[in-house]
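One structure is given below, encoded as C-alpha cells.
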Amino acid sequence: MKNSNETTEYVPLNFIEQIIEKDLKEGKNNGELLTRFPPEPNGYLHIGHAKSICLNFGLALKYGGKCNLRFDDTNPETEDTEYVDAIIDDVKWLGFHWPGEVLFASDYFDRLYDFAVNLIKIGLAYVDDQSAEQISETRGTPTIPGKESPNRNRSVEENLDLFARMKNGEFPDASRVLRAKIDMASPNMHLRDPALYRIKRGHHHRTGDKWCIYPMYDFAHGQSDYFEGITHSICTLEFEVHRPLYDWLVDRLKDGIYRPYQIEFARLELGYTVTSKRKLLQLVKEGYVSGWDDPRMPTIRGMRRRGYTPEAIRVFCNKVGVAKRVNVIDPSLLEFSVREDLNKIADRRMAVLDPIKVVIANLPENYEETTLAVNNPEIEDAGRREITFTREIYIDREDFMEDPPKKYFRLSPGNMVRLKYAYIIQCTDYKKDESGKVTEITCEYIPNSKSGNDTSGVKVKGTIHWVSARYGIPLEVRMYDRLFMVEDPQEDDERDFKEFLNHDSLNVIHNAIGEPSLKDVNPGYKCQFERKGYFCVDSDSNDNQKVFNLTVPLRDSWAKIAQKMNN
Ligand code: ATP
Ligand code: MG
C-alpha cells in the first residue's frame with residue numbers, strides 16, 4: 001500500500017502533522033510515534049470512523065510510527081463481539097495494519113482498578129452514595145459552582161472499604177459511584193468531581209461476569225493510552241472539554257517524563273447522511289434499510305457492498321483534510337474519488353437498463369458476427385473480449401426519441417446512430433402499444449460501416465451501447481439515490497431525523513439485460529456499464545440471477561462544481 005498521501009499534489013502540513021514533526025524533531029518520546037484508533041464495539045464503522053482510521057494509521061505510516069487498534073469496551077450493555085469482528089475486518093479492508101495483537105481497554109481493568117485504589121489512598125477519589133439525579137442536580141452550571149457531596153470527605157479507609165465492596169458486588173447497580181476529588185467550583189464541568197467507576201451488572205463480551213463495576217470512558221481512555229505508550233492521542237472535537245480531566249488523570253498515573261497528549265480535530269460530517277452509530281442503528285432496527293451493509297448506508301460495510309474501493313475512501317479522507325472546525329462535506333466529493341479510482345480499474349461492459357428491442361431488418365434471421373471489445377481503455381494490457389452482434393438487439397429506451405430536439409444525436413425515426421463496436425444503423429420504423437409506449441424499433445444497418453474499419457463514408461455523431469437479444473442475460477440492477485433529502489438531517493433537534501428520509505433512495509430494475517460475459521462474475525466484481533456508471537455485483541447474486549448495485553453514476557457533477565470554483 002502507498003502511504004497516506006496517495007496523490008502527488010503538494011499538500012501543506014495539517015496542524016496535527018505540524019505538532020508531530022515538531023515533537024519528532026525535538027526528540028520527544030525518543031523520536032517515536034504511536035497513535036491508536038479506539039472504537040467502541042457498539043456498532044459498525046462509518047465514513048467518519050474511516051476518516052479517523054486514515055488519519056491515525058496514515059500518520060503512523062507517514063512518520064515511520066505505529067498505530068494500535070484498541071477497543072474501548074467499557075460498557076457491556078451495548079457492546080458485542082459481532083461488532084468487534086466487523087470492526088477488525090473493516091480496518092483491514094481499508095488497508096491498515098497494527099503492530100501485534102488487537103487491544104482492548106478491558107485488558108487493563110485490573111490496572112485501572114489499582115489506579116483507582118491509589119487515587120483513594122492519596123485522597124483524590126471517594127465513593128459517593130448519592131443517586132445519579134442528586135449528583136447531576138448538585139453539579140451546578142458553567143456559571144454556578146456545584147455543591148460538594150456529603151460523602152466527599154470520607155476517610156481513606158472507609159472509601160477503600162466501600163470501593164472494594166462495590167467491586168465485590170455488595171451493592172445494587174447504580175447505587176454508588178467512585179468520583180475523583182477535584183474541584184466542584186471548576187469552570188470546567190468535567191472537573192467537578194467526575195465519576196470514575198459505576199456499578200453495572202452485565203455480561204461483558206471478554207471479561208464475562210468478573211466485574212460488576214466498570215470504568216467510565218474518561219477514566220479508561222487516557223490511562224489505556226498511557227499503558228500502551230501512545231504518544232499522540234487524536235480524537236474528535238467534542239473531547240476538547242475533557243482534555244483537562246485527561247491531563248489530570250494521566251499526570252497522577254505517570255511515573256517518569258513520558259505521557260500521552262490528546263489532540264482534537266473536527267469530525268467528518270457527510271451531507272445527506274447521518275454519521276452516528278445510534279442513528280444508524282435505528283435505521284437498521286426499524287427496517288428503513290436492509291442492514292448495516294445496505295449499500296445506501298455510510299458504513300464501511302455499506303460502501304464496500306456498494307462497490308466503493310478502499311483506495312477511493314482513503315483518497316477521499318486525505319482530500320477532506322484535518323480541521324479544527326466542522327464542515328459538512330458534500331457526498332459528491334466522495335463519489336468523485338470513487339469514480340476516479342474505478343475509472344482506472346473497472347472493466348467496461350455493455351448493459352441495457354431499460355430495454356427496447358431493435359430489429360435490423362436487412363440482416364438474415366440467424367446472422368452472427370463476433371467482434372472484439374476493449375475491456376478498459378485506461379489500461380494498456382486490460383485485453384479484449386468477444387461480443388456477438390445479431391439481428392435482434394436491445395438498446396436503452398433513452399437512446400431513442402420519436403420526436404427528438406435539435407441536438408439529439410441518438411436514434412430517432414429516419415436518423416442514424418453508431419452501435420458501439422458494430423455498425424451504423426438507421427431507424428426505418430417503430431411500434432407502440434396502446435399506451436403510446438415504444439415497444440420495438442426497426443432499423444437497417446449500413447454495410448461497410450463496421451467500427452474500426454468503416455469505409456461507408458457515412459458520418460454520425462452519436463454512439464450508443466447495445467446487447468444482443470439472443471445472448472444477453474437478465475440482470476437485476478439496484479439504483480441508489482441519497483438516503484436523506486436534506487443536507488443536514490440532524491440539524492433540527494425538534495424533528496426526528498427520519499422525517500427527512502428519501503423514500504425513493506432505492507429503485508430496483510428487474511428487467512435489465514447485460515452482455516453474456518457478465519454471467520461469470522462474482523459478488524464484489526466491479527465494472528462500468530458503458531455510458532451509465534460504475535456497478536458492483538451484489539452478494540444477493542446467484543448463478544441464475546446476477547444482481548448489480550449502482551456504485552456511482554458516470555456523470556461527474558463534482559468536477560463541474562470544482563471547475564466553476566476554479567474559474
Ligand atoms: P458515533 O458518534 O458514530 O457513535 P463514536 O465517536 O461514539 O461515534 P467511537 O467508536 O467512540 O464512536 O469512535 C472511534 C473513533 O472514531 C473515536 O476516536 C472518534 O473520535 C472517531 N470518530 C467517530 N466519528 C467520527 C467522525 N464523524 N469523524 C471523525 N472521527 C470520528
Ligand atoms: Mg465514542
Side-chain angles (χ1 to χ4, degrees), residues 14 16 35-60 67-75 77-80 82-88 90-91 94 96 98 102-106 205 215-218 220-222 224-225 228 230 232-243 246 260-285 292 297-303 313-314 316-329 331 333-334 488-490 497:
N14 63 51
I16 299 180
T35 56
R36 85 285 170 269
F37 173 63
E40 184 179 355
N42 62 351
Y44 285 76
L45 299 181
H46 53 60
I47 185 71
H49 296 113
K51 170 73 215 177
S52 177
I53 293 169
C54 291
L55 180 60
N56 280 293
F57 284 92
L59 287 167
C67 177
N68 286 348
L69 173 61
R70 181 211 312 147
F71 286 94
D72 170 32
D73 56 344
T74 52
N75 184 1
E77 245 167 37
T78 53
E79 296 163 6
D80 200 284
E82 170 196 344
Y83 299 131
V84 171
D85 296 343
I87 289 170
I88 292 174
D90 284 350
V91 176
L94 272 177
F96 295 107
W98 48 89
V102 172
L103 303 170
F104 294 85
S106 56
H205 69 107
M216 305 300 290
Y217 170 87
D218 282 321
H221 199 82
S224 302
D225 284 345
E228 290 175 10
I230 300 299
H232 298 78
S233 178
I234 300 162
C235 62
T236 37
L237 225 45
E238 64 271 25
F239 293 102
E240 193 169 22
V241 285
H242 296 240
R243 186 167 9 115
Y246 181 100
Y261 283 90
Q262 177 179 304
I263 306 170
E264 309 86 14
F265 73 102
R267 303 170 68 82
L268 166 65
E269 300 282 358
L270 199 59
Y272 301 92
T273 188
V274 294
T275 43
S276 142
K277 280 184 274 188
R278 196 175 50 79
K279 292 196 170 101
L280 294 172
L281 181 64
Q282 266 186 62
L283 296 179
V284 173
K285 285 231 162 112
W292 284 99
M297 290 281 270
T299 51
I300 294 181
R301 291 280 147 135
M303 293 189 287
I313 295 172
R314 292 199 303 263
F316 166 75
C317 288
N318 281 329
K319 219 176 258 169
V320 299
V322 178
K324 267 285 186 189
R325 215 181 305 145
V326 181
N327 57 343
V328 180
I329 306 291
L333 181 59
L334 176 55
D488 186 359
Q490 317 176 85
F497 73 101

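Just follow the structure's listing: the first ligand is 1, and inside any ligand the first atom is 1. Quick note: numbers below take in every heavy atom, side chains included, and nothing from hydrogens, waters or symmetry partners.
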Counting from 1, what ligand 1 atoms have a heavy atom of P39 closer than 4.0 Å? 10 (O), 14 (C)

Should M303 and P298 count as side-chain neighbours, where that means a heavy-atom distance under 4.5 Å? no

T275 neighbourhood, listing ligand 1 atoms whose heavy-atom distance to it stays under 4.0 Å: 3 (O)

As a test of understanding, state which of I87, L103, N42 forms a side-chain contact (heavy atoms from CB on, under 4.5 Å) with F71. I87

Is there a side-chain contact between F104 and L69 (heavy atoms, below 4.5 Å)? no

Any N or O on L268 sitting closer than 3.5 Å to an N or O of ligand 1? yes

Backbone or side-chain N or O of E40 under 3.5 Å from ligand 1 N or O: yes

Scan side-chain atoms only and decide if T275 and R267 contain a donor-acceptor pair under the 3.5 Å cut-off. no

Between Y246 and D225, is any side-chain donor less than 3.5 angstrom from a side-chain acceptor? yes

For D72 and ligand 1, answer yes if some heavy atom of the residue is under 4.0 Å from a ligand atom, otherwise no. no

Below the 3.5 angstrom mark, is there an N/O of H49, backbone or side chain, next to an N/O of ligand 1? yes

If the cut-off is 4.0 Å to any non-hydrogen atom of S52, which atoms of ligand 1 fall inside it? 16 (O), 21 (C), 30 (N)

F37 neighbourhood, listing ligand 1 atoms whose heavy-atom distance to it stays under 4.0 Å: 14 (C), 15 (C), 16 (O)

Salt bridge (charged side-chain N to carboxylate O under 4.0 Å, His left out) filter on E79, not counting sequence neighbours, yields none

Report yes or no: do H205 and D73 form a side-chain donor-acceptor pair below 3.5 Å? yes

Please verify whether a non-hydrogen atom of H46 lies at under 4.0 Å from ligand 1. yes

Below 3.5 Å, N or O to N or O, backbone or side chain included: is there any such pair between G48 and ligand 1? yes

Considering the heavy atoms of T236, write down every atom of ligand 1 situated less than 4.0 Å from one of them. 19 (C), 20 (O), 29 (C), 30 (N), 31 (C)

Any donor-acceptor N or O pair under 3.5 Å, side chains H221, R36: yes

Check: R267 N/O within less than 3.5 Å of ligand 1 N/O: yes

Looking only at distance, does K277 have an N or O less than 3.5 Å from an N or O of ligand 1? yes

Within the 4.0 Å heavy-atom shell around P38, which atoms of ligand 1 are there? 14 (C), 18 (O)

Among all residues two or more places apart in sequence or in another chain, which pass the ring-ring contact (aromatic ring centres under 6.0 Å, His included) test with Y83? Y44

